[in-house]
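All of these numbers come straight from a predicted model, not from anything done at the bench. Order of appearance sets the numbers: ligands from 1, and atoms from 1 within every ligand.
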Amino acid sequence: MLGGSRLTFVLLSAAVTCAVAQHAPPWTEDCRKSTYPPSGPTYRGPVPWYTINLDLPPYKRWHELMVDKAPAPGLLGNFPGPFEEEMKGIAAVTGIPLGEIISYNIFYEFFTICTSIITEDKGGHLLHGRNMDFGIFLGWNINNNTWVITEQLKPLTVNLDFRRNNRTVFKVASFAGYVGVLTGFKPGLFSLTLNERFSSNGGYVGILEWIWGKKDAKWIGFIIRSVLENSTSYEEAKNILTKTKILAPAYFILGGNMSGEGCVITRDRKQSLDVYELDPKQGRWYVVQTNYDRWKNAFFLDDRRTPAKACLNKTTQENISLATMYDVLSTKPVLNKLTVFTTLIDVTKGQFETYLRDCPDPCIGW
Ligand SMILES: *[C@@H]1O[C@H](CO)[C@@H](O)[C@H](O)[C@H]1NC(C)=O
Ligand SMILES: *[C@@H]1O[C@H](CO)[C@@H](O)[C@H](O)[C@H]1NC(C)=O
Ligand SMILES: *[C@@H]1O[C@H](CO)[C@@H](O)[C@H](O)[C@H]1NC(C)=O
Ligand SMILES: *[C@@H]1O[C@H](CO)[C@@H](O)[C@H](O)[C@H]1NC(C)=O
Ligand SMILES: *[C@@H]1O[C@H](CO)[C@@H](O)[C@H](O)[C@H]1NC(C)=O
Ligand SMILES: *[C@@H]1O[C@H](CO)[C@@H](O)[C@H](O)[C@H]1NC(C)=O
């Protein structure tokens, strides 16, 4: 529920504390090489897989997972479609109050900063990667220089295989207890990640409108899940993500299954402001999105965009692969203390890999 001014406040107070800027060594480093397959101090470990059976009634779908992982984490209301029943089911099994489950489910509207990348190689093959950075707002652990929430989210990170008729419909990387989606793909068809967009006309305006009964706009994590569940092509997904009213500003990073199908959709709550697409014929073989509009400078204390682009340029289109994508996402400050996990997606090959991350000192807080 933070607007841009609150972000600025948080980052400035952190900066005053640390008295450093992100672009000075040792907070940056040369583009990493040969970090894949993941190992060493920036790799915390693998992420377990669970199945969510869409043939079960919504109330029961999450029981197996939540019995395994009763999470550490109020808004009540009429959530759309299956979401409310699913959340009630999770609350009953874990004993956590429903209000807590719901606020956890809208945490996107609170605070995430992320990096998402789509690339196209010389053969027209697409790849999609993302770092999920979350938790700046809620406290710093001075004993080992980590963000409290970031650390608590790591053991809750799960890969989910949503199945119907015993067949995969879509897969996501998420946190146990969160029924929306911020990172996912539909094998063979498209991949989709969400990055938060800070704006003075921010998420809280939409949430207040929603509480006061104006329920025509969609929760961000829920619209992504609906698109993954029910859309059957890149074009259909793009159309919905461009046109549907949403509760908070956002960047949707969408990849398809053939050359040229990759874009960043910059969203206001009511409309799309910009759709920036791959254009391999003109040499635009990647799109990179962090948390700033592409036509504006990144906030000077938080420029992960320039380092990511510099490393992609250095990699070259000839050599882009899941392995070199992981290198880019492992280079500070694209990798930082907020990074919970890295996901790599190959839509046409059906690959979806998620890795828990650490950023040992010296490493910037964001
Ligand atoms: C830091 O300390 C917290 C609290 O003791 C712990 O949960 C977390 O795993 C630690 N993180 C690292 C990277 O050592
Ligand atoms: C689901 O498919 C797996 C193989 O993919 C099979 O072993 C299992 O028996 C199937 N389950 C049901 C309920 O059909
Ligand atoms: C997907 O579509 C079906 C059929 O219209 C609907 O019942 C279901 O709620 C939708 N799923 C989501 C997540 O919106
Ligand atoms: C790519 O997606 C389209 C739908 O947009 C689908 O019809 C086509 O079969 C997909 N191609 C492959 C190779 O899966
Ligand atoms: C990356 O390469 C493009 C195309 O040559 C160039 O316009 C851009 O400035 C480069 N960016 C960085 C950060 O090196
Ligand atoms: C691309 O990869 C090849 C083979 O690993 C390597 O020889 C070459 O130097 C790489 N090119 C760049 C620009 O890194």
Axial cation check for Trp49 ring with Lys171, 6.0 Å and 45° limits: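 That pair qualifies as a cation-pi contact.
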Cationic N near anionic O, under 4.0 Å, Arg225 to Glu86: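 Counted as a salt bridge, because a side-chain N and a carboxylate O are separated by less than 4.0 Å.
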Charged N-O contact under 4.0 Å between Asp268 and Lys245: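 No, this pair does not count.
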Atom indices of ligand 4 within 4.0 angstrom of [X] heavy atoms, with elements:
X      : answer
Ser233 : 4 (C), 5 (O)
Asn257 : 1 (C), 2 (O), 3 (C), 8 (C), 10 (C), 11 (N), 12 (C), 14 (O)
Leu189 : 2 (O)
Gly188 : 1 (C), 10 (C), 14 (O)

Under a 4.5 Å side-chain heavy-atom rule over Ile, Leu, Val, Met, Phe, Trp and Tyr, are [X] and [Y] clustered together?
X      : Y      : result
Leu160 : Val227 : yes
Val288 : Leu344 : yes
Tyr286 : Tyr276 : no

Structural part of Thr348 in contact with ligand 4, heavy atom criterion under 4.0 angstrom: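 Contact part for Thr348 vs ligand 4: neither.
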Modelled atom types, side-chain donor and acceptor of Asp358 and Thr42, under 3.5 Å: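 On atom types as modelled, these side chains do not qualify, holding no pair under 3.5 Å.
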Distance-only donor-acceptor check, side chains Arg305 and Thr115, under 3.5 Å: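 No - no donor-acceptor pair under 3.5 Å links their side chains.
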Structural part of Lys337 in contact with ligand 1, heavy atom criterion under 4.0 angstrom: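 None of Lys337 does.
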Amino acids in close contact with ligand 6, where any non-hydrogen atom sits under 4.0 angstrom away: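 For ligand 6, the residues that come within the 4.0 Å heavy-atom cutoff are Lys314, Thr316, Asn319.
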Proximity flag Lys154 to ligand 1, non-hydrogen atoms under 4.0 Å: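 Heavy atoms of Lys154 never come under 4.0 Å of ligand 1.
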Intermediate values then yes/no, ring pair (Phe, Tyr, Trp, His ring centres under 6.0 Å), Phe170 and Phe162: CA-CA 5 Å; Phe170 61 102; Phe162 284 80; 4.3 Å; yes
